[in-house]
Amino acid sequence: MRKLLRFLAMLVAAVALAAALGTLVPRPLWRAAAAAPAGTRHILVLNNPIHTDIAIPVDDDVRQRFRFLADAGIPADAPEVRYIVFGRGGRAFYLETPTWSELKAVPVLKALTLDAAVMHVDVAGAITEPHPDVAGFDIGEERFSALLDFIATSFQQGPNGPVAIENAAYSRFDRFYEANGHFNALVGCNTWTAAALRTAGLRTGWWNPLPVSLGLSMRFYN
């Protein structure tokens with residue numbers, strides 16, 4: 001029993017050290033020199049205690065790029081919509097835990113080990129800034145286009161485009177789609193957000209499994 005407790009203590013310490021280093025060591029290590037962009041787009045990172053999403057400002061080009069959303073019933077074309085919100089997560093946890101009161105053991109176990117990945121898409125009107133759960137970043141048009149490419153390639157493609165998951169939504173304004181790859185807690189929703197932000201030309205920590213570590217690294221290096 002004592003050996004088991006010692007092993008668990010060492011494991012917790014190792015994970016804590018990895019998380020600390022993952023926050024403090026930037027990725028990429030060196031800031032790349034870049035010319036001042038001709039124009040900028042203002043993207044948002046939305047967070048709660050365990051999850052982050054990326055809110056993309058919409059215009060006609062963005063709506064056309066993600067036309068499949070409106071075709072599936074998400075009101076991305078509505079004039080009051082200002083952002084399309086994208087996130088990636090574990091299938092069981094995402095679909096079976098719409099609220100904390102519905103938390104179950106099996107989705108948690110799958111999230112901690114291995115699960116299929118899904119994309120969640122929602123829409124939003126005006127989002128208040130500053131706000132403790134919102135971080136805004138200005139990126140150039142070229143980086144914005146690269147970010148859209150990254151998001152688009154996260155969706156699993158079927159014969160007719162991204163594969164929607166039937167009868168899976170939190171409301172009539174959102175939808176779930178099959179995603180490429182798999183999910184676990186070590187390489188999960190927040191590491192996907194971090195990778196997307198690096199594609200957008202921003203620097204993150206080397207490994208950011210939690211919103212708090214991602215947020216700290218973003219404040220340190222951008």
Mind checking whether F66 and V81 sit in one hydrophobic cluster, side chains of I, L, V, M, F, W, Y counted as touching below 4.5 Å? yes
Would a hydrophobic clustering, with Ile, Leu, Val, Met, Phe, Trp and Tyr connected at side-chain separations under 4.5 Å, put F68 with L148? yes
Working to the nearest 0.5 angstrom, can you tell me the gap between T40 OG1 and F144 CZ? 10.5 Å
Would you say V163 ends up clustered with M119 if hydrophobic residues are merged whenever their side chains have heavy atoms under 4.5 Å apart, either directly or through other cluster members? no
Backbone N/O of P209 and side chain of N190: donor-acceptor pair under 3.5 Å: yes
S145 side-chain N/O to E142 backbone N/O, donor-acceptor pair under 3.5 Å: no
Describe, in one word, how the ring planes of F86 and F155 are oriented to each other, choosing from parallel (under 30°), tilted (30 to 60°) and perpendicular (over 60°). perpendicular
N208 versus S217, closest heavy-atom pair with distance: OD1-OG, 3.6 Å
For the side chain of R82 and the backbone of P79, is there at least one donor-acceptor N/O pair under 3.5 Å apart? yes
Among residues two or more places apart or on two chains, list those pairs meeting side-chain hydrogen bond (donor to acceptor under 3.5 Å, both in side chains) that have a residue in residues 193-206. T52-T193, R198-T204
W207 side-chain N/O to L186 backbone N/O, donor-acceptor pair under 3.5 Å: yes
Close aromatic pair by centroid cut-off 6.0 Å: Y94 and F183: no
Out of Y170, Y177, F93, which residue meets the ring pair (Phe, Tyr, Trp, His ring centres under 6.0 Å) rule with H120? Y170
Nearest heavy-atom neighbours spanning I54 and L197: CD1-CD2, 4.3 Å
Please check this pair: side chain of R41 against backbone of I56, looking for a donor-acceptor N/O pair closer than 3.5 Å. no
Main-chain N/O of A92 paired with D115 side-chain donor or acceptor, under 3.5 Å: yes
Below 4.0 angstrom, N of the basic side chain to O of the carboxylate: do R65 and D59 qualify? no
Test your reading of the model: is there a side-chain donor-acceptor pair from R175 to the backbone of A72, 3.5 Å cut-off? yes
On a heavy-atom basis, which atom in P75 and which in F173 lie closest, and how many Å separate them? CG-CD2, 3.5 Å
For residues G205 and R27, report the shortest heavy-atom separation together with the two atoms involved. O-CB, 3.8 Å
Any side-chain donor near an acceptor of the partner, D53 and H51, under 3.5 Å: yes
Can you name the nearest heavy-atom pair linking A76 to V123, along with the distance? CA-CG1, 4.1 Å
Work out which heavy atom in C189 is nearest to a heavy atom in R88; give both atom names and the distance. CB-O, 2.8 Å
In the hydrophobic clustering (ILVMFWY, side-chain contacts below 4.5 Å, transitive), which residues join V85, or is it alone? L44, L46, Y83, I127, V134
